[in-house]
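Beneath this line is the structure, given in structure tokens, with notes to follow.
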Amino acid sequence: MSFPSMQFKTLSVLVSLLLAGALSTAPAMASYTEGAVSNGGSLKGSVKLSGSGANANIKVTKDQAACGDSVSNDTLVVGKGNTLANVIVEIQGISKGKKWDLPAKFTYDQKKCAFAPHVMIIRPKAEVEVKNSDSVKHNVHTISKGVFNVNKTVAPGKSLKVKKNKIKKSGTVKVVCDLHSWMGGWWIVAENPYIAMTDASGNFEIKDIPPGKYKVRLWQEKLGEQIQEVEIKGGAAATLNASMAAK
Amino acid sequence: MHYKLGNLISMLALTALAALLWPGQAFSQGNRPPENEATLAEGKVIYFDRCVYCHGELGDGNGPAADFLDPRPRDLTMGMFKIRTTESGQLPRDIDLFNAVSRGLSGTAMPRWELTLSEDQRWKVVYFIKTFTPEFADPDFNPENFVVKASSPIPFSEDSAAKGREIFLKAKCWECHGKQGRGDGQKSDTLQDGWGFKLRVRNLTRGWSLKGGNRPEDIFYRFSTGVDGTPMPSFIKTLSEEERWHLANYISALASDKESEGVVIKAASMEGDLPENADDPAWDSAPVLKVPLTGQVLAQPRWQNISVDMVEARALYNGQDIAVLVVWDDPFKDTVHDESQEIKEFQTTYVKAFGDIPRKPNVFRDSVALQFPVKMRDGARKPHFFRGETSDPVNMWVWKSDLQEQGVNSAEEFNAKGFQKPLALQPGESQQVKGMGTWKDGQWRVVLTRSLKNEDSRNDVQFEPGRLIPIAFNVWDGSNGEHGLIMSLSDWRFIALEASIPGSLYLWTIVVMLMVGLAEWWFVRYSRNKRKEI
Ligand SMILES: [Cu+2]
């Protein structure tokens, strides 16, 4: 084998240098410090869908005795007046502020062959218990960019426990069951406590925000993300009404 | 910056070939170098020499060859590794990484580096690979705490394998892997890996394509640890260790070898009518020859992500006719063919794994072709195994699933004079081959029948006892996007009518086996040289 050639040697050196540069700029996990917030402001508003996107229920193709004949399709939940539920709203880049108001322990359920809740905000290092409340086996399969990945079967009535500190960084985790192809859910691991999810009427509110100008990221699983800019003034309520385009 | 893709792919092909030809080596942990800055730096050099083309400069699996490979090269930055002895979601032990690098991942482009790198080099590259995942450097990280217990292996026995079969059914392994383990359990092709790429369920009967190895202890770990980044879960919470050993014994017994001995299909003679049906018990009397197939990489469009990498062939004949039975595994039965979706023009020399062709069910037909030389002669001279040559044409019997679905004769006869020209369909009166295929549990069984001899010796192969007649195979899996020259193919094998084969002919088979070896070598050389011109 005449491989590798000199050409590749040169290339390797070059590439090594590039890599060294890339690694040194790799993002470290953003850390968040809790403290008192004086004269904080708030942000509230609502998110709507522009365009239409009604979802038909999904027909269940197996294990109907446990799952029922159909399950609701929660990948796009549209309310009256085209409001959007389950949209994540997060204020980015706050490294110091209010205490975490999310618990340290979460329960995620599999019931009637659907994940409940469909989207769940959690905090890094949190414990999660994934239950199987059904009479059939599920596999809990998480897919993420290095946030937390597991794929284990869970017997009826049993649960999978994700121990403290296993979820190390913030990011998005998709949860699926490969045994029931329609099953899908999301864990949003927050970077800071300034995060909310729109309710059934598409409304959200975030409190105790240190005054300043921020980028706000809106995310919905099917519609993708959107970045908005807001200014929070001390003791005042800012409003953010956004619309996300149907795809 | 430019890479020579051709070089790279032929390097992969060479490594794969080496894996076929060289016996396995045992390796020990005895000579493990220390893990320090110096060895890490050496590992980095090796990585950029050998691994970067697939796994990329950043270790994210986006090297220049990545688009051409299915499964895609692993993203080493995610801390997700398929082949481990640790629990699902846990990082592997160093020895797991070392073993994966050494043994390669069967059924993927990841070669057996034990053939080309020393033990010392393999350890060093493992040290470097670990730098892509920061968690390896965590002082609290100790994978030994998460090793799946394999404390009481159960030796293989029929009884254990039978218990394993029960567990295979109870744990619903068949929902993905199929009732017979042929990877045909899913009715649609919706499974995806963690990166959103379509994923094929492994065919458990093809022992050579099980990524983590096919010994019971390898298989035990696969469903105990799960295969991270794929839908294959860990069964550690739902099956006991004992149950998992029985299951491992069952799966290991399913796995067969890719090649059988010899290169000759010995057609068995029989009295009375030849079986028209592939399930006829008469076939049991005919010996089976397994024929390995490779992707068609000799001419554009080159394709290496084939789904059919082996066919089993056997033949029966009587005073008048000969029937050849070809059996191959294919998880989806495709019986339509949409010509408008065929790809006529290619910009790249290789077909990309995803995006270039529709790899989904119900677009293209499943099909098989038998190829014979037209000119009969003694000795080793044969036309080119890839559709013959202008001066040395081949006769092709092509079975098409869509024709059968339409209720017409499913076999067509063609002639070819090299791959550059389209196949020439013989006129109606010359169409004499009869075809009959059946698909069940992820397997096609196709019978092609014709008279031993006919009037058309200028275009058709003629069978007579005492001759070794060259035969080669082309297979298309429609749901894998295969059509035209995007297919898998074999080089020459032989078919011989069993009665009165003179001893001298067997001498020929020895010569011929050497020739096959030579042809494989040439095959690689040829495709390599070809690509240098590009
Ligand atoms: Cu499920």
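All values reported here derive from a predicted model rather than from experimental measurement. Order of the sequence lines fixes the chain letters, A, B, ..., with proteins taken first and strands second; residue numbering starts at 1 for each chain.
Closest heavy-atom contact between B:Thr238 and A:Val154: CG2-C, 3.9 Å.
A 6.0 Å sphere centred on NZ of B:Lys360 holds no more than 12 heavy atoms belonging to other residues, nucleotides or ligands. Under a cut-off of 6.0 angstrom, the local environment of CD in B:Glu144 is crowded, with over 12 non-hydrogen atoms contributed by other residues, nucleotides or ligands. Within 6.0 Å of the NZ atom in A:Lys105, the count of heavy atoms belonging to other residues, nucleotides or ligands does not exceed 12. Annotation: B:Asn142, atom CG; neighbour count of heavy atoms from other residues, nucleotides and ligands within 6.0 Å is above 12.
With a threshold of 4.5 angstrom between heavy atoms, A:Lys152 approaches chain B through its backbone and through its side chain. Contact annotation for A:Asn139: only side-chain heavy atoms (C-beta onward) come within less than 4.5 Å of a heavy atom of chain B. Heavy atoms of B:Thr77 lying under 4.5 Å from chain A are absent altogether. Heavy-atom distances place no part of A:Lys158 under 4.5 Å from chain B, backbone and side chain included. Neither the backbone nor the side chain of A:Thr142 comes within less than 4.5 Å of any heavy atom in chain B. No part of B:Asp60 comes within reach of chain A, as not one of its non-hydrogen atoms sits under 4.5 angstrom from that chain.
Separating the OG1 atom in A:Thr153 from the CE atom in B:Met232 is a distance of 9.0 Å, to the nearest 0.5 Å. Atom CD of B:Glu175 is separated from atom NZ of A:Lys137 by 8.0 Å, given to the nearest 0.5 angstrom.
The closest donor-acceptor contact from the side chain of A:Asn151 to the backbone of B:Thr230 lies under 3.5 Å.
Contacts classified as salt bridge (Lys or Arg N to Asp or Glu O under 4.0 Å) and involving residues 227-239 of chain B (residues at least two apart or in different chains) are given here: B:Arg84-B:Asp228.
With sequence neighbours excluded, the residues that form a side chain to side chain contact (heavy atoms under 4.5 Å, CB included) with B:Ser224 are B:Val148, B:Phe220, B:Arg244.
Note that A:Lys166 lies in the cation-pi zone of B:Phe146, set by a 6.0 Å cut-off to the ring centre and a 45° limit from the axis.
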